[in-house]
Structures are given as C-alpha cells and as structure tokens.
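To keep things clear, I will list the structure first and then write my remarks on it.
Here the structure is a predicted model, which means the values were calculated and not measured. Residue indices begin at 1 and follow the sequence shown.
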Amino acid sequence: MSPRRTDAGGRIDRLRTIRFTFDGAPYTGHAGDTLASALLANGVTLFGRSFKYHRPRGVLTAGIEEPNALVTVLRGEVREPNVAATMVEIYDGLTAVSQNRFPSLAWDVSAANQLGGRLLSAGFYYKTFMGPAIGPLKSTRFWMFCEHFIRRAAGLGRAGTTADTARYERMNAFCDVLVVGSGPAGLMAARAAADQGARVILSELEPRFGGSANWSGETIDGMPGADWAARAAGQLEGYDNVRLLPRTTVWGYYDGNTLAALERVADHKERPGKGEPRHRYWIIRAKSVVLATGSFERPLVFPGNDRPGVMLAHAAERYANEYGVLAGNRIALFTNNDSAYRSALALKKAGAAIVAIVDVRPELSGRMRELADEAEAKILFGHAVVATEGGKALSGVKVQRFDMVNGALAGEARSIQADCLLMSGGWSPTIHLASQAGAKAEWNAARQAFLPPKPTQQWLGAGAFTGSFSTAEAIAEGRAAGLSAAGGTGVPTALPVVEAAPGDPDPAPVFEIRANGKSFVDFQHDVTAEDVRLAHREGFVSVEHLKRYTTLGMATDQGKSSNIPGLAIMAEALGKPIPEVGTTRFRPPFSAVSIGSLAAERFGDLRPERLTPMHDWHVANGATMYSAGLWYRPMIYGHPGETIEQAYVREARATRESAGIVDVSTLGKIAVQGPDAAEFLDRVYTNMFSTLAVGKARYGLMLREDGLAFDDGTTWRLGEQDFLMTTTTANAGKVMQHLEYFLDVIWPELKVHVTSVTDEWAGAAIAGPRAREILAACLTGTAVDNATLPFMGIVHGKISGVPVMICRLSFSGEMAFEVYSGAGYGTHVWEALIEAGKPFGLVTYGLEALGTLRIEKGHVTGAEIDGRTTARDLHLDWMLSRKKPFIGSAMMDREGLIAPGRLELVGLISLDNQPLNGGAHIVEALDEANPHDSIGHITACCYSPTLGKYIALALVKDGKARRGTRAHISDPLRNRFGPVEIVSNHFFDPDGSRMHG
C-alpha cells in the first residue's frame, strides 16, 4: 500500500496499476489518477521550485488553477513544459520531470535567492539593473552585463527544440445550447435543454462528468453524488441531440456567441489511436450558452503559506474522495468560512487525524461545532495561523489569538504538530468566460467575491458561477437556465433531493494575517503581500499597474487563486473598499492552449493555404503548383523533360491556335446587392454602372481616395439590384475592406449589402478560336452564338447537369468565356469541359501561360497597378467618367499626377533575343561599370510564342512619347545588360478583332 493511499474509496481503478517516472524515479499509481494524486499517494510532497526565490513548493490545488506543481512531460525527444501535475492523467510509460531547479529538485543552488530579501522585491529588475551613475558599468551598461544572466535564470520550464510529431485537428460546431461545466448545475441544464429538443453540447474540462458531485461526498436522489452524476451523464449520452465533450476546456468567449475550446483527445494515452489527434480545437457557435463553471477556493495569506504540505481544503477533500489519497496523516485546517468543516469531516472519514481547526471568526454556529465534533477536531476560533514549520515538508504550524475586526494578534504563539495544513479563504466564482464576453464583474459583499456581470451576449449562469454554492441551488438554477436557453418553459417538476452538510457560504472578510515572514499572494510568481504594499507606496495605485509592476496574476495560472487576496491587500493599503479598487478584466485564453491545435491541419506554415475546388485534379494531372499569395495555383502542366519556359510557351501557343482552359476560381468575387447597388458602384468605379443592362458585364477601374489606381475587374449585372463584382486575386480582401469602409463610414445611408462569395464559386476560363465550339458541345439550356452571347454578355445553362453562369469576356485577347459553377461542382464541370474540348485540341494552361497571354495583349495586373500609377499612366484614362464623381475623382488631377515625366505603361522587345527579368531597370545610356539614370523598370516579362521574341511590359518615364525608340536593360544584380525597343503595350491584336469575334 502506498504511504498515503486510503484502504478504500475514490473513483480510481485499484485493479489497474500504472507505472510512470518523475525526475527519473519509478512510481506506480492507478487508472484514474492524476500525476499529482499518484505522487501524493507515494508520499511525494515536493513538486517544484518557485519562479523567483526558488522556494520549495508542493501541490496547492487539485485542478486547473494549480500554480505550484508544474512539470515538463516528455514524449521521446518532445518536451511540453509548464503542465499542471493536477491535470496530467497518468498512463503507462509517462515520463515527467520537475522544473526551474539545478542540479536537482531537492537541492537547488538558486534557492540562495531567498537570501536576497528586498533586493528581489517587486520591480527589482527596474531598480537594480539600471546601473551606477559612475564607473565602467554606468548607465545601461550594467543592465547589458546582467541581462545574459537574468535571461538564463528567467522562466520556469524549458521549451524543446525537437519537432512535434503529434497530429492536431480543428472542428467547427453549431448548437442551440452550449453548456460549459458538467457539475450538478451543468448536468441539469443540459438535460433540461435536451428535453426541449435543443441541440446541446456539454463540455467538461475534466475526464469525468459530474464536477463537484464526484468528490463532495453528498447524496443526491438517495445515491452518492458521483453515482448520480454518472447516471445523468449516461442518460445524456443516449440523446441524439446531445454531444458530450469530456477533457474539453472552453477557453475563449468572443462576439456573436462564438466560443473556442480545446479537447485533449490523446494526452492521457501512451500513444494515440490510428488517425487520432493529440488535441482538437473547437470553434463553437451557439444560440445560447449556459455557464456552469463553478468556483475556485481561495488561499489565505499568512507567513509560510507556501510551504509544501499547505494545501486548499477542498483539494484535500477531493484527493481523498475522488482519488483515495490523503494529503496528510495529521491535518490542521485554517479557515474563515464554514466549508472547511465539511472537508475536515470527509478527511476524518478517509482515515486522517484532524488535529485542529483554526477559525478567524470569534463565534461559530452550533452545526459547525457538531461537524467539528464528528471530525474529532479541536476548534480554535478567534485564532489565526501565523507561521508554518518544517523544510521541504510541513512539520507544524504556529497559531495565535486573532481579532477579526482590527486584524490584531494577541497572546503567545503556540505550535501544533501537523504534516498538512489546509486553508480555506472563501470561494471565487469562475467568471472568466462571462468577463471575456463583455461588461465588468460585480462585487458581492456577502460572498466577498466578484460575481458575473450582466450578460451582454446570449448567456445564462447557474450554480457556484453565480455565487450559489449549495448543490440544491445549483440543480435548481441549472434546470431553469437550460429551459430558458432552449426557449422552453417546462412544467413544474420535482428536483433531485440533496443531502449535504450544512454551512454558510459567506466568508469572514479576512484575507491576510499580518505577521513576521513572507506571506505569498501569487504563489507561482513569488508575489508577497509586502510586494503589493510596496507597489502602493511607489505610486502604482491602479489594479492594472499593480498587476504589471508586481506580476501578480501574470503567471500560467492567470491569478485564479491570487486575484481576490491581492485586490483586498491593495484596497486596504488605499483605504478603499474592494469594489472601488476594481478588478482586472479576464482575457482569453482561460488556460494554456497548444499552438499546434490552433494551427491544426495547417501546421508547417504560418499562413493558411487556400485551394481551389479543382486543386486535387491539377495535382493529379501533373500541374506544378505555385503559391500566388495565399492561393495555390497551377504554374504549368509540364510534359516530361520540359523546362518551365518550354511548357508555358506550348500552352500559350496552343491556346492561340485552338483553345485553352485555366482555373480562375481565385478571382475575388463580391455580391453587391440592394436598392442602391447601382448608385454605389457608380461611386466606387471610375466609369458608369447604373446604365449597365441586366445580363451584361462591364470592365471597371477603381481609384483610391488619393487618385491612384487601386484595382480593376469586371462586374456583372444579374438583376436590377443584384451585381457580381470580380476583383484581382491579390486585391480581393482589400477591395472588400474598401467597400465596407465606404458603406459603413462615408455613405451609411445607402441601402447596399456586400458579401464575399469568392469561395462559393468555381471558375474556369476557356479562351481561343475554338472556345465557342467547345462550349456548344457540352452546354445545354442556352445557345452561345454571337447573338445570344455577345461580348460582355451573360447566359445561364447546364454543363453535365450542373447549373452554370457564363460571361463572355477576355483576359487573353482571344474569344473567351468564364464559366462559373457552385464550388462543390467545380471539378465536375471542369472535367466535363476538358472532355468536350478533346476533339478541338483543348489544353490546360497555368499561371505562366496566363501571364504570357495577358502580356501579349497588354492587360494590366497588380504588377502595374502598384499603388503609384494612375489611370493615365496605364492608358486607362478613357475609363474616367466626366459625368459623375467617384472615389478618387477629386484628387486624380493633382499637379503631380498629371505632370510630365511620369512613368507610363509601354511594351519592350528584347533586341538581343535574350530573356528579360522582372524588376530590371531601363536606361538610355548603358554603363555596366556604373549603372545610373534609370528611366523605368520592367513589371512583367515572357517569351512570346506569337511574336517569337522575348517581350515585357514596363513603366517608363514619358513612355508613350518613347514608342519606337531604343533603350537598354541594366540589371547588375543578375548581370543582364542588353538593348531593347520601346513599343506599345499592345503587342497582339490591338484592335480586338480576335476577342470580339
């Protein structure tokens, strides 16, 4: 039998023995144990070292709020530091090591920091290392000297450098009611909502549903609370409209009732199952949320309250009732409220000796005296613990008479032998998610705690979350919240009957016992009560400043246990009540979230990968994929042995001679709808769109407010109030922001709605002399002749049974058609077009050939619309309407934008038959030794199969006037120099006869 394992009881499986190691030493536990409970059962009391002073620390809590017992879990060479031992489920082969110590946990040389005293008080790094006023290390030199040593000493766990081989997953979920927390309140809320027919998700951060029912020792409906909870969870599992998520922490509450959660799928397993992720990141969108997140017990602040063996009372009760582990054999309790008496009785029943209950209150209720008598405990009311004794383990406590009214100590201190001290300073509702959802928490003087704010989103609270600490209240509130969240009323029904120890949940307003010695408020960051008062003396009177100056609440536990005691000490120093001092706002995440889960399937790249609906087809058919912004697009469809140039020349030539098809799904697509849609487009574009007929499209140009070109594309009029705008791939997001800004801020009176529909449509463009024949061969429901489908016309039909929308427009200079279908049918339509095109010599072509075709035609893209060019620079001044104002019209005629000498769009032809390079400079006089006097630069270049030459588009000073002249390429970085001829940017079919057919 383990030194502190009880003979019976607990929810562990005593027939299954689990073997694990901690700091290299072998230990055993049972299935259902946490690392903390298993180590306690083996008599381990020393778990870690504190951040600053390297003081020995033991386990303080039994849950996610643990600040002391942080360990590093090793899986092969992969390290995961700063994991609370209270949240690690043991499994065969588990390897954990302690942190922040050298050379060992028992003998840590940095424990000498405890001798630093005031030198290491709050703000010591600001004061100590700014350097002397004189000498070789004056000013910041001293800090620079010390910085290396400080950084080596800082931190807790050590991050690993080995690549994480685990798999992560991301899920989206939608529900009517999300219930967070599965204690009695949460179980009742989930059941009530499910009975109303609502779709329910019940999340629980622990592996077992039931919350406090698993360890409270209470009786519910005539059975142990743990059995009642297991039965309730089992019943919910049988509902088709309920999803249960154990080991799932809801860590963020965002706008629109969107919540983020982390499911620990395989952390408790020696190895994940086949295809099983380690973590699953949930994005949950709920109509209503029920917050049944319970509460955290608070520690008391007194000298020596951090010694190993000092623990929260409810934690010890939970270790005994849920894990069958005693926190100590001779236990003393220190409290300011009634809940510690229930803990004392539970521990007595588990086999511990309760040597004393030290209560700061001068009087107790008769029922509490009865509980103390049942626990065979001596009551020291009107007393306080003023010190603890021992080294790396507790051996005793010192108590002294205490006046709760003025905080004064009296009489001689007396010692009590104990190997465990349990403290209970009241309870703080876990309001973190409600705080994240918006609004300020509200102070409740009776509970001496902040209660949740009034909801600003669709959530309700129940149980200890609302300050209702009895199980009977939790059950009633849970059912009411579940009914309300599901929109039901329900009929009056009998609620489960609870048999529980009585007690007043309101604590005495005592947070600190002022005596000699270090009294810790934030256990992990070593923030003492004196640090808080020092911050006040030095002028940090705001709670936000207090937090940052002392680092109170900034550790991995985020102040879950230290927040209220710290505020109380600050309020006393200020001479103000706690609500007037206020509290810091809780922010996500509620607890640590693995970066791997946030990246999920997209690991390996910090940016998301956008794939077109036909992506898999491209890869399967030999496409070389290319990253175009966030999108992945085919660069070429190369044949064996072909170079990139040979492949794109072949594709472009075939398109000019017969037909080619290209995936254009990446074009930005924005639905512009509403009574004022046409008027809005007139203001956005430089040309007129209100005169556009239904069933027609028009090419449009946008300017920025400063008069410079912003984006170009086509917009299709699908109905009187319904337009589909297309944008360049790169500018889709910017154009959407541009439109929304003007609708929200400048013209809010316009009745227009804009929606990004880029991902709703799959697009394929067919170009070439035989494009019309290919469409006619596979399209039903409409003709495609010139009368039915003229240039810039729109028709609707079906291809292989799939509805499609077709617009006749061209980016290549050939007769061309863009075919749009629903994204889910993109590959189906694409394959049908390719099959229809086989008799006509249809080829697939990628971005390189697409660029070649557009350069030959002289069309502009983002390379030319680079944020510095105007419509006139690009020879698009014919699109500048003089009949209406539009965005940028007031600024486009500024002197600098119409002055001579501006860079203008031209074409270049290489005269030495050598390739040209994008970005290369153009000069009038070549000087390879001293390149200078650039008159412009190349924006795009290619080999033209139509001309049989290397050509380029460029921006050249006074470019239009230079047509027909010669210049030189000067590209010293790539050692490319050579002659070029400056020509029109329209290399191919300048009159558009091929495009118009």
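- Ion pairing between a basic and an acidic side chain is recognised when a charged N comes within 4.0 Å of a carboxylate O; Lys669 and Glu760 show no such pairing.
- Counted by atom type alone, Tyr254 and Gln457 present zero donor-acceptor pairs between their side chains at under 3.5 Å.
- Remark: side-chain polar atoms of Arg656 are not paired, donor with acceptor, to backbone N or O of Arg653 under 3.5 angstrom.
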message: Between Tyr950 and Glu645, does the side-chain hydrogen bond (donor to acceptor under 3.5 Å, both in side chains) criterion hold? Intermediate values first, please.
response: CA-CA 11 Å; Tyr950 287 101; Glu645 182 178 291; 3.0 Å; yes
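- The closest donor-acceptor contact from the side chain of Arg808 to the backbone of Met815 lies at 3.5 Å or more, if one exists at all.
- In this structure a side-chain-to-backbone donor-acceptor pair under 3.5 Å is missing from Arg610 to Gly629.
- Salt bridge annotation for Asp958-Arg963: absent, with no cationic side-chain nitrogen under 4.0 angstrom from a carboxylate oxygen.
- Here Asp991 does not pair with Lys857 in a salt bridge; the nearest charged N to carboxylate O distance is not below 4.0 Å.
- For Arg894, the CZ atom is densely surrounded, since the number of other residues' heavy atoms within 6.0 Å is greater than 12.
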task: Under the side chain to side chain contact (heavy atoms under 4.5 Å, CB included) rule, what do Asp663 and Trp830 come out as? Steps first, then yes or no, please.
output: CA-CA 9 Å; Asp663 185 350; Trp830 175 268; 4.1 Å; yes
field: Test log, rule salt bridge (charged side-chain N to carboxylate O under 4.0 Å, His left out), inputs Arg882 and Asp893
entry: CA-CA 12 Å; Arg882 295 295 179 182; Asp893 294 327; 3.5 Å; yes
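- The residues Arg994 and Glu814 are annotated as salt-bridged, a charged nitrogen and a carboxylate oxygen being separated by less than 4.0 angstrom.
- Around the NZ atom of Lys696, the shell of radius 6.0 Å holds more than 12 heavy atoms that belong to other residues, nucleotides or ligands.
- More than 12 heavy-atom neighbours from other residues, nucleotides or ligands sit within 6.0 angstrom of CZ on Phe174.
- Under the 3.5 Å distance criterion, the side-chain polar atoms of Ser658 are left unmatched by any main-chain donor or acceptor of Leu842.
- Ring planes of Trp716 and Tyr820: parallel class, angle under 30° (limits at 30 and 60°).
- Classified by interplanar angle (parallel below 30°, tilted 30° to 60°, perpendicular above 60°), the ring pair Phe710/His738 is tilted.
- Between the side chains of Thr691 and Arg698, at least one donor N or O sits under 3.5 Å from an acceptor N or O.
- At a threshold of 4.5 Å between non-hydrogen side-chain atoms, the residues Leu880 and Asp877 count as touching.
- Ring planes of Phe742 and Trp747: tilted class, angle from 30 to 60°.
- With 3.5 Å as the limit, one finds no donor-acceptor pair spanning the side chains of Thr612 and Ser665.
- For the pair Glu981 (side chain) and Leu911 (backbone), a donor-acceptor distance under 3.5 Å is absent.
- Dense packing is recorded around NZ of Lys884, with more than 12 heavy atoms of other residues, nucleotides or ligands lying under 6.0 Å away.
- Asn687 and Ser881 share no donor-acceptor pair across their side chains, judged by distance under 3.5 Å alone.
- Look at Glu904 and Arg962 and you find no salt bridge, because none of the NZ, NE, NH1 or NH2 atoms lies under 4.0 Å from a carboxylate O.
- In this structure, the side chain of His921 does not engage the main chain of Ile935 through any donor-acceptor pair within 3.5 Å.
- Ser800 places no side-chain N or O within 3.5 Å of a backbone atom of Val829 that could act as its donor or acceptor partner.
- To the nearest 0.5 Å, atom OH of residue Tyr825 and atom NZ of residue Lys798 are 10.5 Å apart.
- Asn985 places a side-chain N or O within donor-acceptor distance of the main-chain N or O of Gly858, the cut-off being under 3.5 Å.
- The line from CD1 of Ile799 to OG of Ser821 is 8.0 Å long, rounded to the nearest 0.5 Å.
- Enclosure of atom CZ in Arg868 is not indicated, since only 12 or fewer non-hydrogen atoms of other residues, nucleotides or ligands lie within 6.0 angstrom.
- The minimum heavy-atom distance between Ala693 and Arg717, with the atom names listed, is O-CB, 3.7 Å.
- The nearest pair of heavy atoms linking Phe689 to Tyr699 is CZ-O, 4.0 Å.
- Within the model, atoms CG of Leu850 and SG of Cys942 stand 11.0 Å from one another, a figure rounded to the nearest 0.5 Å.
- Using modelled atom types and a 3.5 Å distance limit, the side chains of Asn257 and Gln458 yield no donor-acceptor pair.
- Salt bridge Asp676/Lys751: absent, no basic N to carboxylate O contact under 4.0 Å.
- Contact check on Arg854 versus Glu864 returns a salt bridge, with a Lys/Arg side-chain nitrogen under 4.0 Å from an Asp/Glu carboxylate oxygen.
- Put simply, the side chain of Lys949 never gets that close to the backbone of Pro945: no donor and acceptor are under 3.5 Å apart.
- The side-chain heavy atoms of Phe680 and Leu739, taken from C-beta on, include a pair separated by under 4.5 Å.
- Side-chain contact of Thr715 with Tyr685: a donor-acceptor pair under 3.5 Å is present, judged by distance alone.
- In this model, no donor atom of one side chain and acceptor atom of the other lie less than 3.5 Å apart for His618 and Tyr632.
- For the side chain to side chain contact (heavy atoms under 4.5 Å, CB included) criterion with Ile670, the lone passing option out of Thr755, Thr727, Thr726 is Thr727.
- The closest donor-acceptor contact from the side chain of Arg770 to the backbone of Glu657 lies at 3.5 Å or more, if one exists at all.
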